[in-house]
Visitor: 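Input: one structure, supplied below.
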Protein chains: 2
Amino acid sequence: MNLDKIYSGLTIPNQSKLALVVYDGVGDIATESTGFRTPLEVAKTPNLDALAKHSAMGRMTPVAPGITPGSGPGHLGLFGYDPLEFEVGRGVIEALGVGIDLKAGDVAARANFCTLDAKGLVTDRRAGRIDTSVCEAQVEILKKKIKKIGDVEIIIKAGKGHRFVVVFRGKGLEGPLTNSDPGREGQPVAIAKPVKKTTKTAKTAKVVAEFYRQALPLLKNCRPANGFLLRGIAHQPHIPTFQDRYGLKAACIAIYPMYKGLAQLVGMTKIEGAHSLAEEFTMAVEALKTFDYVFIHIKPTDAAGEDGNFDAKVKAIEEADAGLATLIAAQPDVLVVTGDHSTPVPVKGHSWHPQPVMIAGEIAGWDGMERFTERAANHGSLGIFDAKYLIRFMQANAKRLDKFGA
Amino acid sequence: MNLDKIYSGLTIPNQSKLALVVYDGVGDIATESTGFRTPLEVAKTPNLDALAKHSAMGRMTPVAPGITPGSGPGHLGLFGYDPLEFEVGRGVIEALGVGIDLKAGDVAARANFCTLDAKGLVTDRRAGRIDTSVCEAQVEILKKKIKKIGDVEIIIKAGKGHRFVVVFRGKGLEGPLTNSDPGREGQPVAIAKPVKKTTKTAKTAKVVAEFYRQALPLLKNCRPANGFLLRGIAHQPHIPTFQDRYGLKAACIAIYPMYKGLAQLVGMTKIEGAHSLAEEFTMAVEALKTFDYVFIHIKPTDAAGEDGNFDAKVKAIEEADAGLATLIAAQPDVLVVTGDHSTPVPVKGHSWHPQPVMIAGEIAGWDGMERFTERAANHGSLGIFDAKYLIRFMQANAKRLDKFGA
């Protein structure tokens with residue numbers, strides 16, 4: 001029994017408007033170090049509080065119990081795509097992260113500049129962690145000289161420090177390939193080989209090898225970054241679009257490229273131009289006029305959590321709350337506030353702790369909570385559920401799912 | 001997609017110390033007969049209370065909704081082995097219960113002495129429930145005369161009342177076989193046959209038949225126990241070890257042989273010598289110096305539940321709480337207190353009621369509960385989850401699981 005197929009058969013269209021607001025990494029934990037409070041508990045959030053009275057609450061397992069998700073799996077789950085089923089390669093995520101517009105069939109690789117000795121052995125896998133400016137200059141050298149290999153277009157873009165991304169765009173390409181990164185110093189650069197041999201993976205391996213043949217001589221005099229290593233060489237997986245899967249014309253509003261990229265992966269339209277939280281919310285209200293579903297990504301909560309900065313996280317939540325008022329005033333039929341995972345201040349990084357979720361709508365039902373917090377959400381009517389079901393609750397609240405059986 | 005494989009790929013080593021304290025059957029229910037209180041609610045537990053402030057709480061489904069587990073499935077779940085996937089035969093559990101050190105490939109059977117009439121028909125499947133001393137004497141008769149059948153070693157050990165265990169140890173043996181117990185009186189002893197015919201099961205069936213051929217004449221003059229019936233004839237299943245599965249060097253501290261046996265099944269080292277709860281906790285602290293993970297089994301809570309003795313269960317919890325202080329003082333990185341199932345006083349036996357669980361650690365997060373009780377656990381951040389995921393939460397809290405995806 002394929003549950004997605006059953007949902008698909010029940011999906012019905014209507015004029016409702018749905019909004020998903022992701023406070024990235026908003027979930028947190030109360031420990032002695034935080035005075036046994038969480039940022040959501042301490043923050044002044046009149047707008048979240050107002051919404052609470054029209055909301056069902058719960059918590060979501062982003063991937064599986066105890067598993068800490070990266071941003072890719074975290075968002076795929078929120079979009080209703082089981083992150084264990086729809087795996088997106090590291091190269092693809094990195095490419096999205098630096099803002100490359102990936103197309104179906106593209107093969108992407110994350111790359112590190114490294115140091116090679118005279119024998120071609122790797123002496124430093126990160127080339128002494130060169131500055132971003134050095135990385136950008138070297139990427140320019142490669143870009144100028146290598147534009148195409150046979151019929152395959154080569155797209156190269158610098159990231160931060162020693163990191164860059166290579167995208168191979170052309171017909172008949174496919175991943176995954178094994179890493180050319182040997183994983184430790186003292187080894188030569190490995191040959192990237194098909195994980196499973198097909199005509200497509202064989203062609204891809206050949207193109208990668210030729211890329212190395214042309215690129216290495218160009219870096220010969222670059223010190224310390226006279227070589228590079230590739231990892232996560234994979235194609236953009238086939239993912240059914242939001243429109244096909246849910247019958248929803250969807251848009252994405254985010255400031256950081258990776259989140260726009262992830263939304264684009266599932267067929268959302270990127271709406272460019274927001275530079276502040278306030279602008280994001282204003283643009284969301286505008287987008288709701290022409291789209292059925294809008295995803296709004298709020299970054300500062302995650303950044304504050306990563307920094308272990310409790311006060312900054314409180315401030316980020318309060319700032320988002322001000323923007324939220326704009327969206328509430330536009331009265332979408334279903335309005336969800338949640339995170340893609342928790343980034344607890346005491347952890348200083350992503351974690352597995354289920355993120356709190358609040359689904360507001362005319363028929364969501366009030367769970368009796370006055371505020372939206374982790375511990376309030378523990379008592380909600382939604383319980384703890386897998387993040388991939390969030391979209392189903394949104395569809396249901398929007399009356400976009402028909403009755404099952406008579 | 002195999003979830004265990006994904007967890008395995010994310011497992012990373014570190015120096016953290018994990019402790020699992022199982023209050024056997026601790027979960028209970030509040031009914032009119034108990035004054036609407038549970039033993040955990042009534043017991044004075046200053047140490048559990050102190051731990052509560054550093055804990056995430058929830059409840060666990062031992063096997064599946066409504067299923068009451070025996071001790072085997074109950075513990076396998078706590079150790080992270082799906083009890084529906086890793087089935088351990090009754091014979092194996094009984095053998096562990098009487099303290100036989102099973103080896104890989106052993107086939108074990110639980111046996112009942114029974115009464116046979118002149119025609120060989122079973123007239124009493126439990127031989128009038130003979131005393132343990134009679135059982136022991138008859139087992140001695142069998143042991144003296146039957147030590148080997150061909151190249152197969154025969155190990156026989158008395159249990160309680162009419163029960164005993166037979167283990168067949170040798171090369172090329174395998175279960176399961178059908179029962180020789182016909183299931184009701186008036187029938188002859190059945191022939192134990194391979195459930196699935198292989199060279200190994202055929203050999204095992206032959207050895208069992210020969211065992212009957214040699215054993216029955218030895219019991220001819222024993223009254224009323226002049227026969228015996230075999231059930232649950234199966235080999236010890238292959239179970240990946242704790243070390244291989246979680247990268248944890250694990251030890252077990254228990255007083256009763258069955259729990260030591262179950263721990264040994266998954267590759268834990270048995271630490272012998274504890275005779276009291278206090279000793280168990282002292283030895284656990286010592287074990288944590290050389291092991292990554294220690295499992296401590298506390299029996300009296302279950303015994304009191306089985307007896308339907310509320311006060312005895314309260315006392316057992318209070319006694320364990322005193323010992324717990326020793327372990328808390330040793331500051332393991334992750335400390336879990338739970339049961340392998342519930343043994344509610346009003347039920348006087350194991351039950352399906354989800355057992356409460358408390359995971360204490362630096363990044364567990366406080367759910368706001370002042371005490372560890374069933375009804376507090378209902379409001380915890382862990383919700384209700386399958387017991388097999390407990391080890392995953394323990395790994396996560398110990399920072400032994402890497403991030404999934406970028």
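The figures here come from the full heavy-atom set of this structure, side chains too, leaving out hydrogens, waters and symmetry mates. Within every chain, numbering begins at 1; the chains are lettered A, B, ... in the order of the sequence lines, protein sequences first and strands thereafter.
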Visitor: One pair to check against salt bridge (Lys or Arg N to Asp or Glu O under 4.0 Å): B:D49 and B:R371. What are the steps and the verdict?
Guide: CA-CA 5 Å; B:D49 299 356; B:R371 299 203 62 219; 3.1 Å; yes
Visitor: Do B:L40 and B:P356 make a side-chain contact, defined as non-hydrogen atoms from C-beta onward lying under 4.5 Å apart?
Guide: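 The answer is yes, as the side chains (C-beta and beyond) meet within the 4.5 Å cut-off.
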Visitor: Go through the steps for B:R400 and B:N14 under the test side-chain hydrogen bond (donor to acceptor under 3.5 Å, both in side chains), then give the verdict.
Guide: CA-CA 7 Å; B:R400 283 175 176 267; B:N14 65 25; 3.2 Å; yes
Visitor: Count the heavy atoms belonging to other residues, nucleotides or ligands that lie under 6.0 Å from CD of B:E370, then report whether that count exceeds 12.
Guide: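 Yes, enclosed.
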Visitor: Counting only heavy atoms not in B:Q243 (residues, nucleotides, ligands), do more than 12 fall under 6.0 Å from its CD?
Guide: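 Count over threshold, so yes.
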Visitor: Grab the two heavy atoms, one from A:A254 and one from A:H297, that are nearest each other, plus how far apart they are.
Guide: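 The answer is CB-CB, 3.8 Å.
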Visitor: Which residues from residues 378-385 of chain A are near chain B, with near meaning under 4.5 Å between non-hydrogen atoms?
Guide: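 Under the 4.5 Å heavy-atom cut-off, A:N378, A:H379, A:I384 qualify.
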Visitor: Give a yes or no on whether a salt bridge exists between B:K249 and B:D292, defined as a side-chain N under 4.0 angstrom from a carboxylate O.
Guide: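 Salt bridge absent between B:K249 and B:D292.
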Visitor: For a side chain to side chain contact (heavy atoms under 4.5 Å, CB included) check, start with the C-alpha distance between B:I391 and B:R245, then their side-chain angles and the critical distance, and finish with the verdict.
Guide: CA-CA 11 Å; B:I391 185 74; B:R245 205 167 148 92; over 6 Å; no
Visitor: Any side-chain heavy atom of B:Y293 within less than 4.5 Å of one from B:M268?
Guide: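 They are in contact (side-chain heavy atoms under 4.5 Å apart), so the answer is yes.
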Visitor: Answer with side chain, backbone, both or neither: which region of B:A364 has an atom nearer than 4.5 Å to a non-hydrogen atom of chain A?
Guide: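 Backbone only.
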Visitor: For B:L401, which atoms come within 4.5 Å of any heavy atom of chain A: side chain, backbone, both, or neither?
Guide: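 Side chain only.
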Visitor: As a test of understanding, state which of B:T269, B:L288, B:L18, B:L20 forms a side chain to side chain contact (heavy atoms under 4.5 Å, CB included) with B:V294.
Guide: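 Only one option passes, and that is B:L288.
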Visitor: For B:H341, give me all partners under ring pair (Phe, Tyr, Trp, His ring centres under 6.0 Å), at least two apart in sequence or on another chain.
Guide: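 B:H350.
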Visitor: Using the side chain to side chain contact (heavy atoms under 4.5 Å, CB included) rule, take B:V285 and B:F281 through it: C-alpha gap first, then chi angles, then the decisive distance, then the call.
Guide: CA-CA 6 Å; B:V285 170; B:F281 283 107; 5.8 Å; no
Visitor: What part of A:E374 lies closer than 4.5 angstrom to a heavy atom of chain B: side chain, backbone, both or neither?
Guide: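 Interface part for A:E374: neither.
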Visitor: Which residues in residues 64-85 of chain B have a heavy atom less than 4.5 Å from any heavy atom of chain A?
Guide: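 At a heavy-atom separation under 4.5 Å, chain A is reached by no residue of residues 64-85 of chain B.
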Visitor: Would you say that more than 12 heavy atoms from the other residues, nucleotides or ligands in this model lie under 6.0 Å from the CD of B:E41, or not?
Guide: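 Yes, because the 6.0 Å sphere around CD of B:E41 holds more than 12 heavy atoms from other groups.
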Visitor: Report which part of B:K399 has an atom under 4.5 Å of a heavy atom belonging to chain A: side chain, backbone, both, or neither.
Guide: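 No part of it gets close to chain A.
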Visitor: If the threshold is 4.0 Å, N to carboxylate O, is there a salt bridge linking A:R37 and A:D28?
Guide: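 No, no charged N to carboxylate O under 4.0 Å.
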Visitor: Can you tell me which portion of B:N397 sits under 4.5 Å from chain A's heavy atoms? Options are side chain, backbone, both or neither.
Guide: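 Contact with chain A: backbone and side chain both.
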Visitor: Cut-off 3.5 Å, side chains only: do A:R231 and A:N179 have a donor facing an acceptor?
Guide: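 No donor-acceptor contact under 3.5 Å links the two side chains.
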Visitor: Using non-hydrogen atoms and a limit below 4.5 Å, what part of residues 256-266 of chain A faces chain B?
Guide: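 Those residues of residues 256-266 of chain A which would need a heavy atom under 4.5 Å from chain B do not exist here.
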